[in-house]
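Note that ligands are numbered from 1 as they come in the structure, with each ligand's atoms numbered from 1 the same way.
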Amino acid sequence: MSKAWSGRFSQATDPRVEQFTESISFDARLARVDVQGSQAHARMLAKVGLLTADECEQIVSGLSDILAEIERGEMTWKTELEDIHMHIESTLTARLGDVGRKLHTGRSRNDQVATDLKLYVRGEIDRLDGLLNRLQQAFVNRAERDLDIILPGYTHLQRAQPVCASHYWLAYCEKFQRDRERLADCRKRVNISPLGAAALAGSSLPIDRDETARLLGFSEPAANSLDISSDRDFLVEFAFSLSLIAAHLSTWAEEWILWFTTEFGFLKLPDAYTTGSSIMPQKRNPDVLELIRGKTARIMASVPRLLILLKSLPMAYNRDLQEDKLAVFEACDQAAACLDLAPDVVAGAELNIDRINARLEDGFLDATALMEYLIKKGVPMRTAHHTVGGLVALCESKSCRLADLSLDDLRQKCDRIEADVKSVLGTRNAAAALVSFGSGGPERVREQLAAWQKRLA
Ligand code: ARG
């Protein structure tokens, strides 16, 4: 089969060069969007009179047949045909002859591949948005289930103040909501049509770029052919959005890996999402969580990979850009795989309430509540802080908790303390005392839960 561009060549391509330059091994997944783009292009060509209605019909249905064959696994990929675009066009031409030869009128593979990528990424953004929604829903369901459970909150991984377990779950909903918003924002720039920018300069033919943009559901055609045929900003933005999703997933995974340890013992993971050891019979390992954490490397690496690829590329299209797909597909596949499993892990886990409660009074989780109690009694904040610090030291010397101190012990350090101090001592009381907007106390968390239930409904 002679190559579509072979007109000015007298020597055959070295097979190693064909191997070196091919992209069909990784861009075949663009078949569906490539056909979509080509069908819109053909319809536009017919509208402006560059194809007859009959030619357009032949092309559109010929492309549909080819796509169906590809999706049934019937297409044989050939290295010498380089990429998905050439496979589809040359198959069409083999079947339709001169009519097939007209499809590429007024476009180039440069605007074609940019269009394909945008259609592909747009679809992936919509799919990821659905996956993120499902994950948020899993956290909201957990928040409903765990409303009465109090957990230690940590800073520096040291026990700090108590919060409702549901506050943790809704914290993840917030993070994933920002991820969804970031994807939606990225989608706006994805959704601008490159088609018709042609090789780099546009065309002298009467093509209608508004029409192809409309047919493909793009918001508008891009205004500068040089810019848009070389633009891959949207891939970097997409990869970055995926990386933050991965960062959030890895924080969650890490937290749950810790909570699943014997040392913490906060969490029971379902057997279906843990694996055993080949040598230690007692082991149950949180491999799914570890790999969600681990796959972050592949996802995040896509950002520097793309930036390095783009850095200092002269305008407009350069073959370097072919490498963009490897980074983006890998990041996208891995993020989707993590997001696909995560909701089931979230739903299947159980908090080990007895273990959590047995140690809930450890670590002076009520110290800040006591300090704020003193502030309410008129003690300046710094003084209150110092006073409670002294009381904690006293407890440590007596191996007891703040709630175990007698009123006399307490009043010896600060005479503003009265019998009502009991209402803020103890972890549950300290949690209940948290009432500011956005805090982890039960009252506010219930409000936030209701807001999330409404938002996701
Ligand atoms: N396979 C190529 C890519 O992914 C398609 C564009 C090729 N354009 C060209 N002028 N050789 O970038």
**Asked** Charged N to carboxylate O below 4.0 Å: is that the case for Glu82 and Arg319?
**Response** yes

**Prompt:** Hey, are Gln58 and Ser61 close enough side-chain-wise for a donor-acceptor pair under 3.5 Å?
**Reply:** no

**Message:** Checking the side chain of Arg178 only, and the main-chain atoms of Leu244 only, is there a donor and an acceptor separated by less than 3.5 Å?
**Reply:** no

**Complete:** dist Asp111:CG -> Thr212:OG1 (nearest 0.5 Å) comes out at 9.0 Å

Please produce the table of protein N or O atoms sitting under 3.5 Å from N or O atoms belonging to ligand 1, one pair a line, distance to 0.1 Å.
residue: ligand 1; atom: 1 (N); partner: Ser23; partner atom: OG; Å: 3.2
residue: ligand 1; atom: 1 (N); partner: Asp83; partner atom: OD2; Å: 2.9
residue: ligand 1; atom: 1 (N); partner: Gln322; partner atom: OE1; Å: 2.9
residue: ligand 1; atom: 4 (O); partner: Lys325; partner atom: NZ; Å: 2.7
residue: ligand 1; atom: 8 (N); partner: Asn110; partner atom: OD1; Å: 3.0
residue: ligand 1; atom: 10 (N); partner: Asn110; partner atom: OD1; Å: 3.1
residue: ligand 1; atom: 12 (O); partner: Tyr317; partner atom: OH; Å: 2.4

**Item:** Residues Ser38 and Arg107: side-chain donor-acceptor under 3.5 angstrom
**Value:** yes

**Item:** Pair Glu330 + Arg305: basic N to acidic O under 4.0 Å
**Value:** yes

